[in-house]
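Chain letters run A, B, ... following the sequence lines, proteins first and then strands; every chain starts at 1. Just so it is clear, the structure is predicted and the values come from calculations on it, not from any experiment.
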Amino acid sequence: MLDMDPVGSLKKSFATAVNEALRGVGLEPIFKPFHVSRVPKTTDMLGLPVGFKLAKKLGLRPDEASRKVAESLKVEDILYAEEIKPVGGYINLKVSESLFKDVLSLASSGNLGRGVKPDSLKLNFVMVEHTSVNPVHPLHVGGGRNAVIGDSYSRILRFSGYNVTVHYLVNDCNLQVALAAAGRIKARNLKPKGKLDHWFGLIYALANASVEMKELESKLDDKEARREYEDWLEAVNRIREKEPEMVDLILGKVSLEETAELLKRYQRGDEEVKPIFREVAESVMEGFLQTLGRMGIRYDSLDWESELIWRGWTEKALKKLEESGYLGREGKAIYVDLRKALLERDDVRKIFGLSEEQVKELVEEGSLDQVVPQKFYLTRSDGTWLYTGTDVAYSLYKIEGVGVERCYNVIATEQTLEQKQVRASVALMGYSADKIVHLAYEMVNLVGMRMSGRKARYVTLDDLLDEAKAKVKEILSNRGEFSEEEVEEISEKVAVGAVRYALVSVSPIKVIQFSWDRVLDFESNSGPFIQYSYTRALGILRKASKEVVKYDVSLLSSELERELMFKIGEFPEVVRGAIEFMRPDLVSQYANELCMLFNRFYERYKVVGSGEYEPARLALVKAFKGVLGVSMDLLGIPRVEKM
RNA sequence: GGGCCCGUAGCUCAGCAAGGAUAGAGCGGCGGCCUUCUAAGCCGCAGGUCGGGGGUUCAAGUCCCCCCGGGCCCGCCA
């Protein structure tokens with residue numbers, strides 16, 4: 001295969017050469033490619049802290065140790081190396097011009113880093129399960145974060161050569177959907193209007209209000225309960241303004257008992273309730289897919305929780321757990337016996353980060369439940385499946401039914417424990433727990449507003465996109481050089497870019513403090529900034545309008561240009577890092593840094609009409625455009641021609 | 001009570017995985033730059049006990065221990 005990662009190859013070969021030299025003096029090889037770093041303040045140097053690491057072992061000063069090791073290095077053994085010199089405790093390497101030449105050429109074609117898998121993950125067929133929001137109300141920003149992270153991660157995996165299948169688990173078998181179905185039954189004659197997920201979201205909220213307010217009515221003396229009651233009242237009144245008839249039909253008429261009964265019948269496949277559940281779930285899903293599609297997010301399959309039950313995957317999972325001997329029953333309630341598993345199985349202990357001694361001690365103290373609940377329930381005592389049960393069955397389906405080598409579950413961090421329980425169950429069913437990986441992300445917090453799906457109070461993804469789009473339109477109108485169609489197209493793309501960037505650019509494990517200002521800030525460190533930088537590159541290429549066939553890369557000798565070329569060359573490493581650490585935000589950060597460098601270059605150096613420099617600079621711009629374009633594709637930030 | 005996570009500039013965040021050469025961005029503040037390949041940009045200034053304290057190391061924002069502050073989880077909810 002062609003070398004799609006010149007910088008990576010250089011680093012690998014540098015580290016290997018140094019390790020060889022170490023072996024020559026009787027020392028263990030200790031350097032890895034990632035230890036090689038740029039030498040600050042230089043335009044063409046990479047270094048390894050060889051002397052520092054080995055001074056003690058060799059009984060020399062760091063600078064002497066570096067010099068000694070450097071003596072046995074041969075430049076010609078190292079890819080793209082032109083010169084090697086010890087500097088203090090480091091060994092530095094001057095890279096050859098051909099490195100930049102190769103980087104630029106690969107970047108221009110959009111192939112830099114393509115198909116390069118990290119050494120730690122040599123799989124082929126993988127699944128990403130993401131979003132999987134309950135189909136009962138519109139997607140809000142939290143769900144959006146899930147979708148954007150999952151989608152970006154899928155794109156990154158695909159680019160790196162994995163065969164990726166993307167699935168959405170439609171959770172249609174829980175009490176939340178049953179509540180919405182119960183509400184729909186009361187208002188069966190109302191015709192849905194507007195966007196379906198929004199409309200059914202109101203039904204869902206009213207069904208909740210019925211149950212909750214009845215519960216609260218009996219204890220209104222309590223201050224807390226009173227406040228909660230008034231909160232519900234506020235929600236109801238808000239809905240009344242939009243759908244007075246719906247409120248009259250549903251409010252006070254849905255009970256928890258009938259809801260539980262409905263769920264029971266649905267899970268059994270009762271033909272009478274099936275169409276109602278399906279109408280709710282399918283309608284809301286239709287709304288979801290509309291919004292997600294707008295953001296460029298698509299799925300290879302929607303997997304219905306109900307089908308997992310009806311097609312026997314839940315039973316199959318049960319059978320496997322029964323056979324392995326870790327299943328327990330209390331009447332119709334079924335659980336996985338994690339106490340037994342923790343005592344007996346090393347693979348299960350590993351999932352919970354416990355040693356055999358620790359488990360024994362906890363069991364003796366009787367405090368195991370504090371760390372890991374001993375029983376992991378899969379069904380309720382009425383025999384209906386809990387989401388945990390269908391989750392275990394779903395894992396089995398992923399492994400056996402779809403046949404993936406690994407599935408990344410993009411699920412909120414608050415579900416960390418449940419995900420460990422599921423992975424333990426996977427291990428007990430006889431598979432490596434590593435087949436199921438939790439890609440955890442934190443919640444999105446609203447400042448100055450408490451979000452609640454049940455109270456129909458949320459910032460929806462639709463709101464966010466529309467708001468962003470309106471702002472883009474306003475900016476475009478002030479520029480006054482675009483046709484109506486252009487304004488429409490550009491504003492949609494830029495809005496998507498702004499929203500996606502805002503949701504993906506923060507490390508997944510950090511809580512996002514959502515603020516409108518932040519998402520609608522289109523300056524540096526934003527989706528629009530990246531899109532804008534891209535159009536600037538296109539502008540140059542458009543104006544130049546001739547193909548670069550030959551250029552002298554040594555004419556790109558300024559610090560800035562070198563910086564930019566090194567940055568471009570780092571792209572494959574960034575992609576690998578994003579995969580290994582499940583951090584698509586690394587790509588967004590990279591794109592941002594790349595653009596900052598490019599904009600500085602853009603302001604400082606003329607390209608078109610720069611005489612002898614023109615071909616080389618054009619090659620650089622083309623490479624930038626190539627690698628930025630790919631980065632944007634990986635993040636789902638639409639490419640914009642002009643803006 | 002137990003477990004996991006977060007704490008870096010006024011605010012929002014990178015950098016920690018894999019210790020290394022002056023701790024970086026954006027927003028906000030102040031001051032500049034559009035007859036030029038798009039100013040959604042660029043340049044400059046101000047702003048930091050990297051939560052606190054110990055330790056390991058030639059070297060600690062990064063590793064270890066303790067503490068403080070915040071979040072999440074510990075349901076036959078999802």
Side-chain angles (χ1 to χ4, degrees), chain A residues 32-35 37-41 47-49 51-53 55-56 61-62 87-90 92 132-134 171 174-176 330-335 352-354 362 367 369-373 375 377-384 386-389 391 412-418 420 440 442-443 445 472 475-476 479 481 494 498 505-507 509-513 515 517-518 521-533 535-544 577 580-581 583 585-586 589 592-593 595-596 599-600 602-610 617 621 642-643:
Chain A
K32 302 266 190 225
F34 53 72
H35 287 122
S37 61
R38 287 281 309 285
V39 179
K41 290 271 173 211
L48 269 175
F52 289 119
K53 300 280 187 218
K56 196 172 267 178
R61 291 200 319 258
V87 178
Y90 297 89
N92 291 345
S132 301
V133 173
N134 277 346
N171 292 288
N174 54 56
L175 286 167
Q176 308 307 309
E330 286 164 2
K332 286 186 186 170
I334 302 171
Y335 61 87
F352 293 97
L354 294 169
L362 286 165
S367 52
D369 259 324
Q370 284 219 334
V371 183
V372 183
K375 295 173 181 175
Y377 283 95
L378 306 177
T379 65
R380 298 184 180 84
S381 51
D382 70 355
T384 55
L386 288 158
Y387 91 109
T388 45
D391 231 9
T413 55
E414 61 188 12
Q415 301 230 40
T416 301
L417 174 60
E418 189 266 355
K420 286 181 182 170
E442 266 292 355
M443 309 303 294
N445 274 350
V472 179
I475 294 172
L476 288 173
R479 299 190 153 199
E481 51 197 272
V494 174
S505 61
V506 178
S507 172
I509 54 165
K510 293 221 190 188
V511 176
I512 290 187
Q513 295 299 337
S515 86
D517 292 352
R518 201 61 198 303
D521 174 4
F522 297 164
E523 290 172 29
S524 281
N525 202 1
S526 76
F529 170 67
I530 285 164
Q531 291 168 314
Y532 180 71
S533 307
T535 63
R536 278 185 144 184
L538 285 189
I540 294 174
L541 297 174
R542 209 166 17 235
K543 186 156 178 192
E580 279 190 272
F581 308 116
R583 297 268 312 268
D585 61 298
L586 296 178
Q589 275 156 31
N592 187 55
E593 285 163 14
C595 289
M596 288 197 300
N599 279 306
R600 281 167 64 192
Y602 181 95
E603 304 266 351
R604 188 151 162 199
Y605 298 102
K606 200 172 174 176
V607 177
V608 179
S610 58
R617 287 181 184 168
V621 173
K642 51 182 178 173
M643 62 189 275

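The main-chain N or O of A:Cys595 is found under 3.5 Å from a side-chain atom of A:Asn599 such that the two form a donor-acceptor pair. The backbone N or O of A:Glu330 sits nowhere less than 3.5 Å from a side-chain atom of A:Ser381 that would complete a donor-acceptor pair. Although no hydrogens or angles enter the test, the distance criterion places a donor-acceptor pair under 3.5 Å between the side chain of A:Ser533 and the main chain of A:Phe529. For the pair A:Asn92 (side chain) and A:Val87 (backbone), a donor-acceptor distance under 3.5 Å is absent.
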Step by step, work out the side-chain hydrogen bond (donor to acceptor under 3.5 Å, both in side chains) result for A:Gln415 and A:Tyr387.
-> CA-CA 12 Å; A:Gln415 301 230 40; A:Tyr387 91 109; 2.9 Å; yes
When you look at A:Ser515 and A:Asp517, which way does the side-chain hydrogen bond (donor to acceptor under 3.5 Å, both in side chains) test go after all the steps?
-> CA-CA 5 Å; A:Ser515 86; A:Asp517 292 352; 5.3 Å; no
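Note on A:Leu48: nothing from the nucleic acid sits closer than 4.0 angstrom, heavy atoms only. Backbone-only contact: A:Val511 has heavy atoms under 4.0 Å from sugar-phosphate atoms and none from a base. Contact annotation for A:Lys332: no contact, since no heavy-atom pair falls under 4.0 Å across all strands. At the heavy-atom level, A:Val621 lies nowhere under 4.0 Å from the strands shown. If you check every strand for non-hydrogen atoms under 4.0 Å, A:Pro49 touches a base. Among the protein residues, A:Arg61 comes within range of no part of the nucleic acid, since none of its heavy atoms lies under 4.0 Å from any strand. Residue contacts for A:Gly47: at a heavy-atom cut-off of 4.0 Å it reaches a base atom on one of the strands shown. Across all strands, A:Lys543 comes closer than 4.0 Å only to sugar-phosphate atoms, never to a base (heavy-atom distances). Here A:Tyr90 lies in heavy-atom contact (under 4.0 Å) with a base.
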Short N/O separations, protein against nucleotides 6-10 of chain B, under 3.5 angstrom:
| unit_1 | atom_1 | unit_2 | atom_2 | d |
| --- | --- | --- | --- | --- |
| B:G7 | OP1 | A:Lys510 | NZ | 2.8 |

Polar-atom pairs under 3.5 Å, protein N or O versus N or O of nucleotides 41-46 of chain B: list them with distances, or write none.
| unit_1 | atom_1 | unit_2 | atom_2 | d |
| --- | --- | --- | --- | --- |
| B:G41 | OP1 | A:Ser524 | N | 2.7 |
| B:G41 | O2' | A:Arg536 | NH1 | 2.5 |
| B:G41 | O2' | A:Arg536 | NH2 | 3.4 |
| B:G41 | O2' | A:Glu603 | OE2 | 2.6 |
| B:G41 | N3 | A:Glu603 | OE2 | 3.3 |
| B:C42 | O4' | A:Glu603 | OE2 | 3.2 |
| B:C43 | OP1 | A:Arg600 | NE | 3.1 |

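Across the C1' atoms, B:G69 and B:G52 are found 10 Å apart, a figure rounded to whole Å. Between the C1' atoms of B:G28 and B:U12, the separation comes to 11 Å (whole Å). A gap of 14 Å separates the P atoms of B:U62 and B:G55, to the nearest Å. With both ends at atom P, the span from B:G15 to B:A9 equals 15 Å, rounded to whole Å. Spacing of P atoms, B:A14 relative to B:C30, comes out at 28 Å, to the nearest Å. Atom C1' of B:A40 sits at a distance of 32 Å from the matching atom of B:C6, rounded to the whole Å. Spacing between B:C72 and B:C76 at atom C1', rounded to whole Å, works out to 22 Å. For B:C16 and B:C73, the P atoms lie 28 Å apart once the distance is rounded to whole Å.
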In the 5'-to-3' direction, what one-character label does each nucleotide of nucleotides 72-78 of chain B receive under the scheme B = base within less than 4.0 Å of a protein heavy atom, S = sugar-phosphate only, - = no such atom?
-> SSS-BSB
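Remark: C1' of B:C13 and CD of A:Gln513 are 12 Å apart, rounded to the nearest angstrom. Taking atom NZ of residue A:Lys56 and atom C1' of nucleotide B:U56, one finds them 11 Å apart after rounding to whole Å. Distance A:Asp521 CG to B:C11 P: 18 Å, rounded to the nearest Å.
Contact annotation: A:Arg583 side-chain N/O to B:G15 OP1/OP2 distance is under 4.0 Å.
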How does RNA chain B read in dot-bracket, base by base from 5' to 3', with Watson-Crick or G-U pairs under 3.5 Å and | used when the partner is on another strand?
-> (((((((..((((......[...)))).(((((.......))))).....(((((..]....))))))))))))....
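At most 12 heavy atoms of other shown residues, nucleotides or ligands fall within 6.0 angstrom of atom CZ in A:Arg600. Heavy-atom neighbours of A:Arg604 CZ from other residues, nucleotides or ligands within 6.0 Å: at or below the threshold of 12.
Scanning for side-chain contact (heavy atoms from CB on, under 4.5 Å) contacts around A:Phe52 gives A:Pro49, A:Pro62, A:Tyr90, with sequence neighbours left out. With sequence neighbours left out, A:Lys606 forms a side-chain contact (heavy atoms from CB on, under 4.5 Å) with no residue at all.
Syn is the glycosidic conformation of B:C34, whose angle stays within 90° of 0.
Along RNA chain B, the nucleotide nearest to A:Ser507 and the one nearest to A:Thr535 differ in position, and the one closer to the 5' end is contacted by A:Ser507. Mapping A:Tyr605 and A:Asn92 onto RNA chain B by nearest heavy atom places A:Asn92 at the nucleotide closer to the 5' end.
Here A:Asp585 pairs with A:Arg583 in a salt bridge; the nearest charged N to carboxylate O distance falls below 4.0 Å.
Distances from the side chain of A:Lys41 to the nucleotides B:A14, B:G20, B:U22 place B:U22 closest.
Atoms CG and CD, on A:Asn134 and A:Gln176 in that order, are 6.5 Å from each other to the nearest 0.5 Å.
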